[in-house]
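Data block below; observations after.
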Amino acid sequence: MPELPEVETVRRGVEPHVLGRRIIEVTVRDARLRWPIPADFADFARHQQINAVSRRGKYLIFALDSGDRLIVHLGMTGRVLVLDAGHPVIKHDHLDLLLDDGRLLRYHDPRRFGAVLPWPKDAPGHVLIDSLGPEPLSDAFSGAYLYERSRHKKVAVKSFVMDGQVVVGAGNIYAAESLFRAGVRPTRPAGRVTRAEYSRLADSIREVLREAITQGGTTLRDFAGADGVSGYFQQDLYVYGREGLPCRICGTPINSMRLGNRASCWCPGCQR
DNA sequence: CTGTTAACCTGAGTGC
DNA sequence: TGCACTCAGGTTAACA
């Protein structure tokens with residue numbers, strides 16, 4: 001699934017194709033996503049013009065000319081593709097937005113952990129967006145912020161930075177990579193990580209996410225940008241998926257364990 | 001409140 | 001070829 005860099009890559013890939021385009025028809029083939037696509041979704045989206053495509057954390061937000069918005073989340077295996085109308089439909093193609101230029105925006109998601117939801121203009125906020133932590137690439141995010149938020153917390157620092165209420169966008173891959181670059185073991189209780197370490201960690205998170213965006217994301221199995229092209233950040237991974245392999249810095253075999261039900265890799269030599 | 005676990009769902013990979 | 005099992009980029013609901 002897509003973490004922040006993959007979602008941002010999708011946003012950038014989709015945006016030029018949909019800006020100013022009007023949705024002329026909506027086809028829902030399977031509404032059973034993480035939350036069901038509401039029965040009135042087609043009526044909600046039809047005839048609306050797409051004025052902007054933004055991102056909040058791992059959520060894509062399509063702003064419509066009426067002031068309504070569409071929220072799209074890719075879950076673990078979701079994709080958004082821009083295709084010509086009439087493109088063959090394959091398994092897991094759950095939703096099409098037919099555009100007024102003969103193209104369509106297609107949502108494809110084998111595991112259906114993602115979501116496509118309306119966000120009406122008269123709703124001040126949205127339950128999925130309101131309680132999110134700061135954007136890691138914004139000024140609101142810093143080592144001091146992480147330090148303050150983490151005091152007295154016993155949760156592992158990796159789980160802490162993967163918590164979307166703390167900071168958005170760092171999933172399993174980038175949390176592991178950021179902790180490696182900061183030299184902090186993922187198992188450390190968040191409340192025991194020092195101010196200096198959080199300063200390095202905040203820098204690392206920003207750096208890793210920026211680099212990954214530049215590379216077009218990381219490609220494992222299911223991710224591809226809107227144009228179907230893969231990302232290249234996997235060439236820059238130091239710990240994720242490298243259990244048992246020698247550390248690229250010190251040669252020590254990369255260690256792995258489960259933290260909060262997620263595989264977590266780190267280097268015993270480089271990370272304290 | 002905090003913290004941990006199971007659950008959602010399908011497909012790919014592995015071992016027998 | 002088949003079957004049983006594990007694992008996967010996210011997030012929340014239900015627990016103790």
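Naming: A, B, ... by sequence-line order, numbering from 1 per chain. Worth knowing before you read on, the calculation uses all heavy atoms, side chains too, and leaves out hydrogens, waters and symmetry mates.
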Kindly indicate whether the side chain of A:Arg111 and the base of B:dC9 share any N or O donor-acceptor pair separated by less than 3.5 Å?
yes
Using heavy-atom distances to pick each residue's nearest nucleotide on DNA chain B, tell me which of A:Arg34 and A:His92 is more 5'.
A:Arg34
If you take all heavy atoms of A:Val80 and A:Val10, which pair is closest and at what distance?
CB-CG1, 4.0 Å
Taking the side chain of A:His73 as its heavy atoms from C-beta onward, which of B:dA6, C:dG10, C:dT12 lies nearest to it?
C:dG10
Main-chain N/O of A:Gly143 paired with A:Arg195 side-chain donor or acceptor, under 3.5 Å
no
Atom-pair distance (CZ on A:Arg258; C1' on C:dG10), nearest Å
14 Å
Output all residues satisfying side chain to side chain contact (heavy atoms under 4.5 Å, CB included) with A:Arg21, sequence neighbours left out; order by chain, then residue number.
A:Leu99, A:Asp100, A:Asp101
Euclidean distance, atom CG of residue A:Asp109 to atom P of B:dC8 [Å, nearest integer]
16 Å
Is it true that A:Arg149 and A:Tyr145 share a donor-acceptor pair across their side chains at a distance under 3.5 Å?
yes
Between C:dT12, C:dA8, B:dG11, which one does the side chain of A:Pro110 approach most closely?
B:dG11
Is A:Asn172 side chain donor-acceptor paired with the C:dA8 base, going by distance under 3.5 Å alone?
no
What's the CG-P distance between A:Leu33 and C:dT11, to the nearest Å?
15 Å
Quote, to the nearest angstrom, the P distance that separates C:dC3 from B:dC9.
23 Å
Any A:Arg29 side-chain heavy atom under 4.5 Å of A:Asp96 side chain:
yes
Considering just the side-chain nitrogens and oxygens of A:Arg32, establish if one lies under 4.0 Å of OP1 or OP2 belonging to B:dC9.
no
For B:dG3, does OP1 or OP2 lie under 4.0 Å from any side-chain N or O of A:Lys154?
no
Over how many whole Å does the gap from A:Tyr174 atom OH to C:dA8 atom P extend?
16 Å
Closer than 4.0 angstrom, basic N to acidic O: yes or no for A:Glu135 and A:Arg55?
yes
In whole angstrom, give the distance that lies between atom NZ of A:Lys91 and atom P of B:dG11.
4 Å
Quickly work out the A:Lys153 NZ to B:dC1 P distance and round it to whole Å.
11 Å
Between which residue ranges does DNA chain C form stems of three or more consecutive Watson-Crick or G-U wobble pairs, both distances under 3.5 Å?
B:2-8 with C:10-16, B:10-16 with C:2-8
Indicate the ring-plane relationship of A:Tyr147 and A:Tyr198, choosing parallel, tilted or perpendicular according to the 30° and 60° boundaries.
perpendicular
Using only side-chain N and O atoms of A:His152, determine if any of them is under 4.0 Å from OP1 or OP2 of B:dT2.
no
Report the distance from atom CZ of A:Arg112 to atom C1' of B:dA7, rounded to the nearest whole Å.
14 Å
Taking 5.5 Å and 30° as the limits, would you call A:Phe113 and the base of C:dT11 a stacked pair?
no
Any Lys/Arg nitrogen of A:Asp203 or A:Arg206 sitting under 4.0 Å from an Asp/Glu carboxylate oxygen of the other?
yes
Value in whole Å for how far the C1' atom of C:dA8 lies from CE of A:Met162:
12 Å
